[in-house]
Amino acid sequence: MAQHHRILSSFTPEKILRWFRFIVPALNPQERKIVLGGMKANAPEAFFNELLEVVKLEMSELAFSNLVKSLEENELASD
């Protein structure tokens with residue numbers, strides 16, 4: 001996990017947006033929740049919101065809606 005964090009930390013915001021645009025939609029719903037949950041917890045809010053908008057372009061409306069709902073549930077559970 002630490003190595004994963006070091007690798008992601010070395011990416012520019014632009015590179016993260018390019019990669020995640022295609023990676024996140026290709027993941028299963030649980031993996032999306034884990035990946036974006038980690039980003040939400042660690043990235044600046046403005047960047048995370050931009051990331052969601054980029055990912056949304058490559059996902060069906062239903063899949064994106066389910067993703068947002070799972071992130072909200074995850075946030076409520078951690079409060």
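- Legend: residues meeting side chain to side chain contact (heavy atoms under 4.5 Å, CB included) with S10, ordered by chain and number and at least two apart, are absent.
- Proximity of V54 to V24: side-chain heavy atoms (C-beta onward) are nowhere separated by under 4.5 Å.
- In the hydrophobic clustering of this structure, L27 does not group with L62; members are Ile, Leu, Val, Met, Phe, Trp, Tyr whose side-chain heavy atoms approach within less than 4.5 Å, directly or through other members.
- Closest approach of L71 to L52, counting heavy atoms only: CD1-CD2, 4.3 Å.
- Remark: L57 pairs with no residue by the side chain to side chain contact (heavy atoms under 4.5 Å, CB included) rule, at least two apart or across chains.
- Closest approach of V55 to P25, counting heavy atoms only: O-CG, 4.2 Å.
- For the ring-ring contact (aromatic ring centres under 6.0 Å, His included) condition, the pairs that include at least one residue of residues 17-76, sequence neighbours left out, are F11-W19.
- Under the side chain to side chain contact (heavy atoms under 4.5 Å, CB included) criterion, E14 pairs with T12, R18, sequence neighbours left out.
- Scanning for side-chain hydrogen bond (donor to acceptor under 3.5 Å, both in side chains) contacts around E58 gives R21, with sequence neighbours left out.
- If you take CG on L51 and CD1 on I16, they are separated by 8.0 Å, rounding to the nearest 0.5 Å.
- Sorted by first and then second residue, the salt bridge (charged side-chain N to carboxylate O under 4.0 Å, His left out) pairs with a member in residues 30-55 read K40-E75; sequence neighbours excluded.
- The shortest heavy-atom contact between A63 and S60 is N-OG, 3.0 Å.
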